[in-house]
Amino acid sequence: GENVEQHPSTLSVQEGDSAVIKCTYSDSASNYFPWYKQELGKGPQLIIDIRSNVGEKKDQRIAVTLNKTAKHFSLHITETQPEDSAVYFCAAGGSQGNLIFGKGTKLSVKP
Amino acid sequence: GAVVSQHPSWVICKSGTSVKIECRSLDFQATTMFWYRQFPKQSLMLMATSNEGSKATYEQGVEKDKFLINHASLTLSTLTVTSAHPEDSSFYICSASREEHTQYFGPGTRLTVL
């Protein structure tokens with residue numbers, strides 16, 4: 001079935017460093033890849049997404065890269081700040097119009 | 001744009017009672033709404049998908065008679081947990097979609113069943 005693997009499950013960085021979270025997906029027909037940030041006790045917030053007709057997308061300190069051949073996509077956060085601390089989920093668009101989620105990465109940014 | 005609200009944000013109820021959770025898309029019309037359940041430190045588990053005016057499609061293992069979903073309009077979907085029991089205690093999150101795959105999530109509802 002459709003599956004999304006996400007690594008690492010936890011990530012700790014110093015303030016100002018970069019953070020990278022990687023995902024792989026199984027369904028080669030997937031063409032939409034969003035990233036969500038979830039703070040404790042809140043719903044997930046869409047922070048960036050990419051469709052398969054582009055290889056990279058950037059929004060200020062956040063970027064997402066997509067390698068369709070390898071079925072990999074990654075989230076890059078530069079100049080991390082303590083407020084970036086949260087759980088990040090990747091997802092891939094499924095065949096039923098749904099999203100297949102990764103298991104999440106808990107990012108801790110230490111001041 | 002793309003704001004989704006949920007009400008209530010938290011609810012405590014007695015075992016055996018029913019609880020209704022509302023999900024509204026505030027500034028757009030949602031062709032599809034989704035209901036998820038999330039356990040502590042876990043990912044989101046899709047429960048059901050609903051389109052306005054039609055019956056919801058439930059994921060395998062989700063009891064449709066226990067989790068009643070009504071999608072009355074393009075901006076409102078409700079989830080009713082019937083005859084709730086302590087094992088139904090969880091964080092329930094809805095999302096709304098206005099184009100294929102793009103989902104905007106609500107803030108979630110914390111349900112505690114005593």
Side-chain angles (χ1 to χ4, degrees), chain A residues 1-11 21 23 25 27 29-54 57 59 64 66 73 85-108, chain B residues 1-10 21-26 28 30-51 54 56-62 90-112:
Chain A
E2 300 165 316
N3 186 46
V4 174
E5 298 278 343
Q6 182 172 347
H7 298 281
S9 56
T10 60
L11 179 59
I21 303 170
C23 289
Y25 60 97
D27 186 356
S30 293
N31 60 8
Y32 175 68
F33 308 93
W35 285 89
Y36 290 89
K37 175 184 181 182
Q38 187 177 27
E39 296 177 342
L40 193 62
K42 298 184 179 180
Q45 176 192 4
L46 178 66
I47 56 171
I48 196 167
D49 57 7
I50 192 169
R51 295 190 185 269
S52 60
N53 55 340
V54 298
K57 186 176 177 181
D59 182 4
V64 56
L66 171 65
F73 59 112
S85 296
V87 178
Y88 290 81
F89 290 99
C90 66
S95 58
Q96 308 296 319
N98 57 338
L99 291 175
I100 311 301
F101 285 89
K103 291 190 184 299
T105 296
K106 183 176 181 181
L107 174 64
S108 300
Chain B
V3 179
V4 178
S5 70
Q6 268 183 255
H7 178 80
S9 55
W10 59 270
I21 303 170
E22 287 188 352
C23 176
R24 292 181 186 273
S25 55
L26 298 184
F28 66 100
T31 52
T32 307
M33 286 185 167
F34 302 83
W35 286 96
Y36 294 84
R37 185 172 178 177
Q38 188 177 36
F39 293 102
K41 298 184 179 181
Q42 292 191 25
S43 190
L44 300 110
M45 183 187 80
L46 180 64
M47 299 174 66
T49 302
S50 75
N51 294 291
S54 60
T57 302
Y58 290 81
E59 295 298 301
Q60 193 171 7
V62 177
S90 194
F91 192 51
Y92 292 88
I93 317 173
C94 72
S95 71
S97 178
R98 59 186 177 191
E99 57 183 333
E100 189 183 25
H101 290 131
T102 308
Q103 293 185 31
Y104 301 96
F105 284 84
T109 297
R110 173 75 57 195
L111 170 64
T112 302

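Chain letters run A, B, ... following the sequence lines, proteins first and then strands; every chain starts at 1. The structure displayed is predicted, hence computed values, not measured ones. Just so it is clear, the values below take in all heavy atoms, side chains as well, and ignore hydrogens, waters and symmetry mates.
- Neither the backbone nor the side chain of B:S97 has a heavy atom closer than 4.5 Å to any heavy atom of chain A.
- Remark: side-chain polar atoms of A:K103 are not paired, donor with acceptor, to backbone N or O of A:Q6 under 3.5 angstrom.
- Only the side chain of A:L46 comes within less than 4.5 Å of a heavy atom of chain B; its backbone N, CA, C and O stay farther away.
- Between the side chain of B:T32 and the backbone N or O of B:N51, no donor-acceptor pair lies under 3.5 Å.
- Using the six-membered ring where Trp is involved, B:F28 and B:Y104 have ring planes that are perpendicular, over 60° apart on the 30 and 60° scheme.
- A:Q38 touches chain B through its side chain: at least one heavy atom from C-beta onward sits under 4.5 Å away, while N, CA, C and O do not.
- Side-chain N or O atoms of B:H101 include one that pairs as donor or acceptor with a backbone N or O of A:G94 at under 3.5 Å.
- By the 30° and 60° cut-offs, the orientation of the rings of B:Y36 relative to B:F105 is tilted.
- Proximity to chain B involves both the backbone and the side chain of A:P44, based on heavy atoms less than 4.5 angstrom apart.
- For B:E99, the part sitting under 4.5 Å from any heavy atom of chain A is the side chain, from C-beta outward, and nothing else.
- For chain A, the nearby parts of B:Q103 are the backbone and the side chain; heavy atoms of each come within less than 4.5 Å.
- Remark: the backbone N or O of A:K37 is not paired with any side-chain donor or acceptor of A:Q45 at under 3.5 angstrom.
- Using a 4.5 Å cut-off between heavy atoms, B:Q38 contacts chain A through its side chain alone, with no backbone atom that close.
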